[in-house]
Amino acid sequence: MTHQVGRRGFLAGASALFLGACSKVADTKIGGTLLNSADKWHQKIHRSLSDRMALAREYTKAEISPTFRGNGSRTVGTEAYAASLANGFTDWRLEVRGMVDTPLSLSMENLRALPQRTQITRHDCVEGWSAIGEWTGPQLSVLLEAAGVQDGAKFVVFRCADNLNGQDYYESVDMIDAYHPQTIVAHMLNGEPLPEKNGAPLRMRIERQLGYKHPKYLTAIELVDTLDNIGEGEGGYWEDRSGYQWYAGI
Ligand SMILES: Nc1nc2c(c(=O)[nH]1)N[C@H]1C(S)=C(S)[C@@H](COP(=O)(O)O)O[C@H]1N2
Ligand SMILES: [Mo]
């Protein structure tokens, strides 16, 4: 069952989370998950947990690119999306589901009422362009803690509203990127609501990863223990069809 979250209830939950957020990372269930998956990861690729958790470089307002291009899908292109755009996305919902104790269905108002993080970062697309932009939104970790991630969840899958060449765009990350402090559900770019071409009303920012790992037109966040049954099983739209690396760390 999915709970519709009233503004007040969600806020109370979120502030409780923030008060409790000071415990040492290794003492928490999340810390344990991080360390376990990092161990496995380390054996394979030799990058340390501290490196994975390091922050991406942040820039100054003066360095923001004059334009931030739209790449890949530049709209969802359906009648339903056009209607949502016209009503200011008052009917848009972001679901948090899968291996969680309390599935959530969040409105834009719910998301804007949470503590926000703003960061100015550089987006790097494998097609050979970069742009610096200022992104604002709640940290993904806040949503995950509100939903209560179950033991055994290993990946977060991001579902998108757009269909590209007959396939729904999707992406996924491991728990280290999911709980990274710069991993946010962005609803603003450069102080304005997200433009349509950049993924309105919601897109992920996963700042330690290349551009295709930042899903736009976000509709759902799904906790899973394997990626095998999602899409073609490679963890993302481009990973499934072009052999792009699932781990696209920068
Ligand atoms: N839903 C969705 N997300 C997406 C894409 C897409 O086509 N659909 N393209 C990806 C790629 S390859 C890049 S570089 C960035 C582009 O983000 P931008 O349009 O804000 O520049 O979005 C990524 N996320
Ligand atoms: Mo890209």
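Start at 1 and go down the list; that is how both ligands and their atoms are numbered. The analysis underlying the following values was restricted to heavy atoms, covering all of them including side chains, and did not include hydrogens, waters or symmetry mates.
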Say whether, by atom type as modelled, one donor and one acceptor occur between the side chain of Trp92 and the main chain of Leu218 under 3.5 angstrom.
yes
Atoms of ligand 1 close to Gly70 [distance to a heavy atom under 4.0 angstrom, numbered from 1]:
19 (O), 21 (O)
Under 4.0 Å between a Lys/Arg side-chain N and an Asp/Glu carboxylate O for Arg122 and Asp124?
yes
Please state which protein non-hydrogen atom is closest to atom 24 (N) of ligand 1 and give its distance, to 0.1 Å?
His214 O, 3.0 Å
Counting from 1, what ligand 1 atoms have a heavy atom of Lys197 closer than 4.0 Å?
19 (O)
Do Tyr244 and Tyr212 have ring centres separated by under 6.0 Å?
yes
Quick one: which of Arg57, His123, Gln182, Gln119 gives a side chain to side chain donor-acceptor pair (under 3.5 Å) with Glu207?
Gln119
Under-4.0 Å salt bridge between Arg203 and Glu196:
no
CD1 (Ile120) and NZ (Lys61) are apart, to the nearest 0.5 Å, by 5.5 Å
For residues Gln245 and Glu239, is any side-chain donor paired with an opposing acceptor at under 3.5 Å?
no
Applying a strict 4.0 Å limit to heavy atoms, is Gly199 in contact with ligand 1?
no
What residue and atom, counting heavy atoms only, is the protein's closest point to atom 10 (C) of ligand 1, and at what distance?
Tyr169 OH, 3.4 Å
Will you find, in the side chains of Thr90 and Asn87, an N or O donor that is under 3.5 Å from an N or O acceptor?
yes
Could you state the interatomic distance from CG (Leu189) to NZ (Lys197), rounded to the nearest 0.5 Å?
7.0 Å
Is any NZ, NE, NH1 or NH2 atom of the basic residue among Asp177 and Arg52 found under 4.0 Å from an Asp or Glu carboxylate oxygen of the other?
yes
Does His123 have a non-hydrogen atom less than 4.0 Å from ligand 1?
yes
Report yes or no: does a heavy atom of Trp129 sit under 4.0 Å from some atom of ligand 1?
yes
Quiz question: by atom type and distance under 3.5 Å, do the side chains of Gln116 and Gln139 form a donor-acceptor pair?
no
How far is atom 21 (O) of ligand 1 from its nearest protein heavy atom, and which residue and atom is that?
Arg69 O, 2.6 Å
Mark up the atoms of ligand 1 that fall under 4.0 Å of a heavy atom belonging to Pro215, in ascending order.
3 (N), 24 (N)
Is it true that the side chains of Asp162 and Tyr81 contain a donor and an acceptor less than 3.5 Å apart?
no
Checking a contact table here: which protein heavy atom is nearest atom 23 (C) of ligand 1, and how many Å away?
Gly211 O, 3.3 Å
Test of understanding: given a 4.0 Å heavy-atom threshold, classify the contact between Cys160 and ligand 1 as side chain, backbone, both, or neither.
side chain
Enumerated ligand 1 atoms positioned under 4.0 Å from heavy atoms of Gly72:
7 (O)
Which ligand 1 atoms are under 4.0 Å away from a heavy-atom of Cys125?
14 (S)
Give the single entry among Leu164, Asp168, Asn71, Asp162 that approaches atom 1 (N) of ligand 1 most closely by any heavy atom.
Asp162
Protein residue, atom and distance nearest to atom 7 (O) of ligand 1, heavy-atom basis
Ser73 N, 2.8 Å
Under a 4.0 Å heavy-atom limit, does Tyr212 contact ligand 1 with its side chain, its backbone, both, or neither?
both
Return yes if a side-chain donor-acceptor contact under 3.5 Å exists between Ser172 and Trp246, otherwise no.
yes
Numbered atoms of ligand 1 (with element) below 4.0 Å of Asn198, judged on heavy atoms
18 (P), 19 (O), 20 (O), 21 (O)
Distance-only N or O hit between ligand 1 and Trp135, under 3.5 Å:
no
Can Arg203 be said to touch ligand 1, with heavy atoms closer than 4.0 Å?
yes
Taking heavy atoms and a distance under 4.0 Å, where does Lys216 meet ligand 1: side chain, backbone, both or neither?
both
Given that the side chain starts at C-beta and the backbone is N, CA, C, O, which of these parts of Phe68 lies under 4.0 Å from ligand 1, counting heavy atoms, or is it both or neither?
side chain
